[in-house]
2 protein chains.
Amino acid sequence: MNATLAAAAPTPIRPYAIAAASMDAHTLATLLHLDPDPDPVLHQTAFATRHVREKETLIRAGDECRNLYVVRSGFFRSSYLDRSGSIQGLGFPMTGDTLGADGLATGRHTAEAVALDCSEVVVIPVARLTALSRSHAALATLFYRLISREIVRDQCSLFLLGSLGAEARVAAFLLDLSDRFCALGYSRTMFNLRMTRQDIGNYLGLKIETVSRILSGLAQQGLISVHHRAVEILDPAALRLAVEDAARRTAPRAG
Amino acid sequence: MNATLAAAAPTPIRPYAIAAASMDAHTLATLLHLDPDPDPVLHQTAFATRHVREKETLIRAGDECRNLYVVRSGFFRSSYLDRSGSIQGLGFPMTGDTLGADGLATGRHTAEAVALDCSEVVVIPVARLTALSRSHAALATLFYRLISREIVRDQCSLFLLGSLGAEARVAAFLLDLSDRFCALGYSRTMFNLRMTRQDIGNYLGLKIETVSRILSGLAQQGLISVHHRAVEILDPAALRLAVEDAARRTAPRAG
DNA sequence: CGACCGTTTGATCCTTTTCAATCGTCGTGG
DNA sequence: CCACGACGATTGAAAAGGATCAAACGGTCG
């Protein structure tokens with residue numbers, strides 16, 4: 001049990017010791033999993049990086065949009081804030097994900113971003129966004145993809161909330177985390193949740209008790225194992241099946 | 001009964017008499033409600049337009065992303081298609097809205113767009129997107145805003161689905177339509193729904209019966225009047241209150 | 001050790017879905 | 001011109017799924 005916990009913690013594997021004060025565009029493209037253009041200018045273009053402490057708010061809703069950020073390391077929680085003060089979780093950006101792209105539309109951010117873990121981000125000033133787009137086509141393409149990716153991510157979340165039941169949402173959430181951790185070189189099957197049950201509930205449109213119950217339920221079915229924030233995925237195929245079955249049963253189908 | 005309809009029907013010519021075969025960037029910026037940059041180059045840069053017949057699919061999920069589109073006139077339904085065939089409504093783009101921005105991320109569209117009405121769109125080839133960003137900063141800014149707006153829109157929908165009950169979702173949906181019609185110069189209080197109850201349900205994550213029941217309920221409360229697809233908003237303040245009350249009661253609050 | 005915070009679990013209530021039947025409208029063909 | 005059939009919309013009753021209220025548990029930190 002304790003050994004599990006120790007092994008499951010993903011972050012400590014890569015300390016931020018080597019964190020540079022800046023990052024060139026080529027490395028940035030790699031970080032974003034966007035095939036880096038061979039254009040040598042990408043190596044010459046550098047962006048500053050910034051550290052964000054745990055629980056620190058990097059982007060506040062209503063703030064003027066000065067920068068975009070790409071997560072270099074760490075873990076964030078992104079939320080939409082209604083004028084009435086209601087909150088809706090939007091996602092949990094981690095290494096390679098983008099923050100702040102919502103602010104370009106009006107010049108002010110509508111979503112906030114809070115670090116759930118000691119993190120580091122690459123800072124892309126909006127002014128440089130247009131300036132660099134002008135000077136280097138490869139960078140313009142990079143930026144467009146980076147922003148568009150946010151749309152795809154949100155649309156996928158919309159599918160979760162609109163078409164799936166509670167159990168399927170939680171299952172899909174775990175599988176998504178699993179994939180993303182794996183893509184970063186961590187274990188696909190064992191990891192620690194960085195967010196509270198409340199955060200998960202805000203994101204999935206479920207109450208905290210429901211999240212807890214469903215996690216327990218999945219564990220009882222033998223699909224996962226949960227102890228507090230340590231999760232192990234025991235039967236990924238069955239989890240995937242749970243999501244797809246729910247989609248087939250409850251979601252409206254095309255045709 | 002309707003002079004507009006009567007006049008449009010017998011004319012086999014293009015219903016939009018003034019419709020040009022192309023549109024300059026300055027006019028496009030105005031269409032998008034983005035303050036047009038005074039840069040004279042915007043007047044010299046033109047984009048082709050294209051007609052889309054009713055029920056025609058402009059963008060198919062999986063298609064290669066060659067163009068972005070800005071709706072010049074008409075009405076669309078945009079949907080996300082899961083691999084398993086499940087469908088999730090994403091929105092109902094109309095004049096001034098953008099289509100296809102999801103495709104920039106990977107080069108393939110993940111969402112489809114179907115015209116619910118005879119429509120016309122401005123075509124922005126992806127190749128020109130980067131080329132023009134390179135030559136004109138004003139256009140780059142325009143494009144970034146245009147794409148970012150899609151993110152804001154989706155995040156707002158996420159709030160609807162994740163935080164509001166069925167009645168509030170329908171109320172918010174009606175108010176949104178009302179605002180958008182008003183912004184286009186149509187009546188804020190009386191309009192025809194172009195989409196079926198099924199389309200509304202797909203978008204709001206509700207079953208068709210629920211949508212119907214809630215519309216009837218709102219009508220019985222005297223907030224709206226519904227007959228088939230003709231909607232009249234009788235008490236916008238009460239509708240708005242219904243949304244905000246629901247947000248306060250059911251949605252998790254910040255703090 | 002004790003208090004606090006996040007989590008789990010149980011019982012009950014409320015909302016939404018499901019299943020089923022009916023209605024109304026529009027378009028088609030007799 | 002009317003009858004018919006198809007499709008979309010409405011309405012009702014029963015069932016399922018989450019939410020709510022309430023209580024207890026388990027780690028963590030002072």
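Source: prediction; values computed, not measured. Residue numbers start from 1 in every chain, and the chains themselves are labelled A, B, ... in the order their sequence lines are given, proteins ahead of strands.
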Next item on the list: Report the distance from atom CD1 of A:Ile200 to atom C1' of C:dT7, rounded to the nearest whole Å.
Entry: 11 Å
Check: For B:Arg229, does the CZ atom have more than 12 heavy-atom neighbours from other residues, nucleotides or ligands under 6.0 Å away?
Finding: yes
Item checked: From B:Arg53, B:Lys55, B:Arg194, residue fulfilling salt bridge (charged side-chain N to carboxylate O under 4.0 Å, His left out) relative to B:Asp117 -> B:Arg194
Checklist line | Nucleotide of C:dA20, D:dG8, C:dG6 approaching B:Thr196 most closely (side-chain heavy atoms) | finding: D:dG8
Next item on the list: Please tell me which of B:Thr210 and B:Thr250 maps to the more 5' nucleotide of DNA chain D, matching each residue to the nucleotide holding its nearest heavy atom.
Entry: B:Thr210
Checklist line | Electrostatic pair A:Arg50-A:Glu56, nearest N-O below 4.0 angstrom | finding: yes
Checklist line | Gap between atoms CD and P, on B:Gln220 and D:dT10 respectively (whole Å) | finding: 13 Å
Margin query: So if I take every side-chain heavy atom of B:Glu209 and compare against D:dA9, C:dA20, D:dG18, which nucleotide ends up nearest?
Written below: C:dA20
Notebook entry, point to check: How would you label the contact of A:Gly217 with the nucleic acid (heavy atoms, under 4.0 Å): base, sugar-phosphate, or nothing?
Noted result: nothing
Next item on the list: Select from B:Ile208 and B:Arg213 the residue whose nearest nucleotide in DNA chain D is closer to the 5' end of that strand.
Entry: B:Ile208
Check: Would you say the side chain of B:Arg229 and the base of D:dG8 hold a donor-acceptor pair, judged only by whether the two atoms sit under 3.5 Å apart?
Finding: no
Margin query: How many whole angstroms separate atom CG of A:Asn202 from atom C1' of C:dT7?
Written below: 15 Å
Notebook entry, point to check: Out of D:dT11, C:dT8, D:dA9, which nucleotide sits closest to the side chain of A:Arg197?
Noted result: C:dT8
Margin query: Given C:dT25, D:dT11, D:dG26, identify the nucleotide with an atom nearest to the side chain of A:His228.
Written below: D:dG26
Notebook entry, point to check: Among C:dA20, D:dA9, D:dT20, which nucleotide sits nearest the side chain of A:Lys207?
Noted result: D:dT20
Check: Whole Å only: how far is the CD1 atom of B:Ile214 from the P atom of D:dG12?
Finding: 15 Å
Notebook entry, point to check: So, for B:Phe92 and B:Tyr203, is the gap between ring centers shorter than 6.0 Å?
Noted result: yes
